[in-house]
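This is a predicted model, so every value here is computed, not measured. Heavy atoms only: backbone and side chains are in, while hydrogens, waters and symmetry mates are out. All chains are named by letter (A, B, ...) in the order of the sequence lines, taking the proteins before the strands, and each is independently numbered beginning at 1.
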Amino acid sequence: MRVRIAPSPTGDAHVGTGRTALYDYLFVRQTGGTFIMRIDDTDLARNTAHAEAGVYQGLHWLGLDWTEGPDKGGPHAPYRQSERLPLYHRYAEQLLTTGHAYHCFCTAEELEAERALQTASKEDPRYSGKCRDLSASAKEALTASGKIPTVRLRVKGGVIGFNDLVRGRIETDTSLMGDFIIVKSNGIPVYNYATVVDDYLMEITHVTRAAEHIVNTFPQLLIYDSLGWPTPHFAHFSTMLNEDKSKLSKRKGATYIGQYAEMGYLPEAMVNFLAFLGWSPGQSDEEMYTLDELVEKFSFARCTPSNAIFDVKKLDWLNAKWIRRLAPADLAVRVLPFLRKAGLVENEVDLGWLTRMTTLIQERMVRLDDAPTVASIFFREPTPAVEEIRAMLAGVDGKAILAAVATTLASVTWAEADIETALRKLQADLGLSTKIFFMTLRLAATGSKVSPPLFASIEVIGRERMLKRLAGLISAT
RNA sequence: GGCGCGUUAGUCUAGUGGUCAGGACGCCGCCCUCUCAAGGCGGAAUCACGGGUUCGAGUCCCGUACGCGCUACCA
């Protein structure tokens with residue numbers, strides 16, 4: 001099995017490209033096939049010069065890799081369409097000599113006018129075939145006048161079709177189709193043509209892509225046929241949409257894989273989520289799958305044909321699940337860049353301490369970039385919650401209570417369990433309700449009514465900083 | 001407009017002629033609890049519509065509606 005992903009070099013990997021690449025990768029690994037990277041850069045106007053790195057980076061982040069491509073080389077190099085022009089010309093020449101294609105001298109303006117006329121008279125706009133049977137002398141004259149022709153494929157009518165791996169039989173009548181351009185006047189092949197030449201020469205067995213390419217398959221089928229080439233298998237995946245059902249675009253949320261990495265989504269979660277957007281393992285209640293598990297389960301037949309909305313809420317849930325599943329030490333390392341970015345960590349940190357801290361925030365994060373918020377009390381001094389504590393301790397001697405806490409903490413063994421035992425005993429001795437006492441402590445320790453578990457938090461904050469925070473409050477109360 | 005694809009709760013989906021239409025996210029409620037989370041339990045919510053075929057249709061066929069795609073010398 002040989003499968004290719006053919007992104008345009010836009011500088012970033014689109015999530016749609018990511019999902020298709022993921023499906024390709026799963027299929028290829030499952031079948032022991034080869035995954036190929038090909039850069040479709042025939043749209044000169046749109047190309048950012050060699051901006052492939054961003055695309056590679058996004059896919060690599062997901063954990064995907066290929067064995068042939070511009071960056072890897074391979075038996076069918078080059079893997080960039082802009083470097084394969086001679087190939088396209090060779091087969092265009094073949095099509096021309098066999099009579100399957102012909103030169104068309106119509107200008108873009110003439111075609112535009114023709115189309116306008118047809119639309120006005122309510123005809124379906126399609127090429128009239130004006131240059132279809134030009135005489136040799138006419139062609140010579142046009143060439144002599146300096147006109148540069150395009151190459152058009154001669155379309156003969158009839159019903160054609162293919163068996164889509166996810167949708168079944170798809171057919172159309174080509175009598176509705178005009179002769180279409182395969183090589184532009186600037187010598188660059190059109191997508192539909194270049195794709196066919198490349199897929200054939202690169203021995204692609206399964207052509208996989210998004211549903212918007214379904215109708216492109218028809219002209220491609222015609223090209224395969226005209227060249228006398230066998231057709232590969234085709235699989236068209238569902239389209240991914242925004243929450244308002246519009247096509248996934250940058251306007252309405254993140255579109256590129258790199259953006260999700262920056263927001264603190266885990267590649268494990270992203271892969272899991274993307275896999276389930278348009279595919280399902282069938283009868284199973286299991287929601288979490290690793291890349292390896294997906295390799296085992298994936299199949300084209302279980303891909304859904306209908307469009308799928310990219311539901312960030314579900315992604316968030318999955319991400320939170322994956323965060324909780326990570327070993328704390330692993331999570332700590334992943335969280336660190338986000339803490340640095342937020343300015344909470346500037347120099348080296350003690351990884352043991354960071355890991356301990358991470359266990360406290362692990363269940364309180366949806367994304368990695370939640371860490372700076374949730375964990376700030378372990379790095380920065382909170383604003384003293386003087387007023388809240390006063391309100392909490394209304395009617396009792398607050399200063400004395402805080403002092404008792406300080407005294408207790410000053411001598412206790414510094415470990416969560418011991419801190420808890422000591423403080424619970426103090427609570428009993430003071431005769432305060434658990435709610436009041438521990439909320440007061442939480443306010444004192446963290447400056448907030450919401451925080452990670454109290455005793456462990458106190459431990460992680462450390463004796464010195466705890467006593468300092470208490471001292472500050474005692475003098476302010 | 002033409003052609004193509006699609007349509008199970010708000011969302012992702014299971015279902016391949018006979019099920020109380022299953023699961024998950026989200027939402028609501030309860031429990032647990034030092035707060036917040038997490039976790040547990042429970043709840044509301046779905047087969048787009050109309051015709052067929054059949055003893056029986058979410059499942060098969062036709063039509064309609066709606067959505068998406070293509071209709072370029074874009075990919």
[X] side chain near [N] phosphate (N/O to OP1/OP2, under 4.0 Å):
X: T42(A); N: rA75(B); result: yes
X: R364(A); N: rA38(B); result: no
X: K314(A); N: rG10(B); result: no
X: R302(A); N: rG15(B); result: yes
X: R115(A); N: rA72(B); result: yes
X: R126(A); N: rA72(B); result: no
X: K184(A); N: rC74(B); result: yes

Whole-Å [atom1] distance, [N] and [M]:
N: rG15(B); M: rG69(B); atom1: C1'; value: 27 Å
N: rG58(B); M: rA48(B); atom1: P; value: 10 Å
N: rC70(B); M: rU54(B); atom1: C1'; value: 38 Å
N: rU7(B); M: rG63(B); atom1: C1'; value: 15 Å
N: rC55(B); M: rC41(B); atom1: C1'; value: 42 Å
N: rG26(B); M: rG39(B); atom1: P; value: 9 Å
N: rG67(B); M: rU11(B); atom1: P; value: 15 Å
N: rG23(B); M: rG42(B); atom1: P; value: 10 Å

Margin query: I'd like to know whether NZ of K147(A) has more than 12 heavy-atom contacts from other residues, nucleotides or ligands below 6.0 angstrom.
Written below: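 More than 12 within 6.0 Å, yes.
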
Rounded to the Å, how far apart are [X] [atom1] and [N] [atom2]?
X: E212(A); N: rA72(B); atom1: CD; atom2: C1'; answer: 16 Å
X: D285(A); N: rA14(B); atom1: CG; atom2: C1'; answer: 9 Å
X: D370(A); N: rA38(B); atom1: CG; atom2: P; answer: 12 Å
X: D316(A); N: rA38(B); atom1: CG; atom2: P; answer: 12 Å

Test of ring centre spacing under 6.0 Å for [X] and [Y]:
X: F455(A); Y: F438(A); result: yes
X: Y193(A); Y: F180(A); result: no
X: W66(A); Y: Y56(A); result: yes

Counterpart base for [N], defined by Watson-Crick or G-U wobble contacts under 3.5 Å:
N: rG39(B); result: rC31(B)
N: rU7(B); result: rA65(B)
N: rG1(B); result: rU71(B)
N: rC47(B); result: none
N: rG26(B); result: none
N: rU16(B); result: none

Select base, sugar-phosphate, or nothing to describe what [X] touches, counting heavy atoms under 4.0 Å on all strands.
X: S451(A); result: base
X: E171(A); result: sugar-phosphate
X: L454(A); result: base
X: F273(A); result: nothing
X: H213(A); result: base
X: F276(A); result: sugar-phosphate
X: K449(A); result: base
X: P452(A); result: base
X: A108(A); result: base
X: S185(A); result: base
X: T107(A); result: base
X: S280(A); result: sugar-phosphate
X: C104(A); result: nothing
X: R209(A); result: nothing

Next item on the list: Examine the base of rA75(B) for any acceptor or donor lying under 3.5 Å from a partner atom in the side chain of D41(A), and report the outcome as yes or no.
Entry: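 By the distance-only test, no, there is no pair.
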
Note to self: Please determine whether any donor N or O and acceptor N or O are separated by less than 3.5 Å between the side chain of R167(A) and the base of rC5(B).
What the structure shows: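 It does not, because no donor-acceptor pair links the side chain of R167(A) to the base of rC5(B) below 3.5 Å.
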
Checklist line | For F105(A), ring-ring contact (aromatic ring centres under 6.0 Å, His included) partners two or more places apart | finding: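 Partners of F105(A) under the ring-ring contact (aromatic ring centres under 6.0 Å, His included) test: none.
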
Check: Would you say the side chains of R325(A) and T290(A) form a donor-acceptor pair under 3.5 Å?
Finding: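 No, T290(A) and R325(A) have no side-chain donor paired with an acceptor closer than 3.5 Å.
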
Notebook entry, point to check: Does a donor on one side chain sit under 3.5 Å from an acceptor on the other, for D41(A) and S82(A)?
Noted result: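 A pair is found: one side chain offers a donor N or O, the other an acceptor, under 3.5 Å apart.
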
Next item on the list: Check the angle between the aromatic planes of Y265(A) and Y260(A) and answer parallel, tilted or perpendicular using the 30° and 60° thresholds.
Entry: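 The arrangement is tilted - the two ring planes meet at 30° to 60°.
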
Next item on the list: Search all heavy atoms of V460(A) against all heavy atoms of L360(A) and return the closest pair with its distance.
Entry: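 Smallest heavy-atom distance, with atoms named: CG2-CD1, 3.6 Å.
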
Check: When you check every protein heavy atom under 4.0 Å of nucleotides 58-68 of chain B, what one-letter string (B, S, -) results, 5' to 3'?
Finding: ----------S

Notebook entry, point to check: With nearest nucleotides of RNA chain B determined for L315(A) and I170(A) from heavy-atom distances, which residue corresponds to the more 5′ nucleotide?
Noted result: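 Here I170(A) is the residue nearer the 5' end.
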
Notebook entry, point to check: Closest nucleotide of RNA chain B for D124(A) versus for P453(A): which of these residues is on the 5' side?
Noted result: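 Mapping each residue to its closest nucleotide by heavy atoms, the 5'-most match is D124(A).
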
Next item on the list: Check F234(A), F162(A), Y191(A) against H213(A) for a ring pair (Phe, Tyr, Trp, His ring centres under 6.0 Å) and give me the one that passes.
Entry: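 Filter result, single survivor: Y191(A).
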
Check: Under the criterion ring pair (Phe, Tyr, Trp, His ring centres under 6.0 Å), which of F300(A), F35(A), F237(A), W279(A) is the partner of F27(A)?
Finding: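 When F300(A), F35(A), F237(A), W279(A) are each tested with F27(A), the ring pair (Phe, Tyr, Trp, His ring centres under 6.0 Å) holds only for F300(A).
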
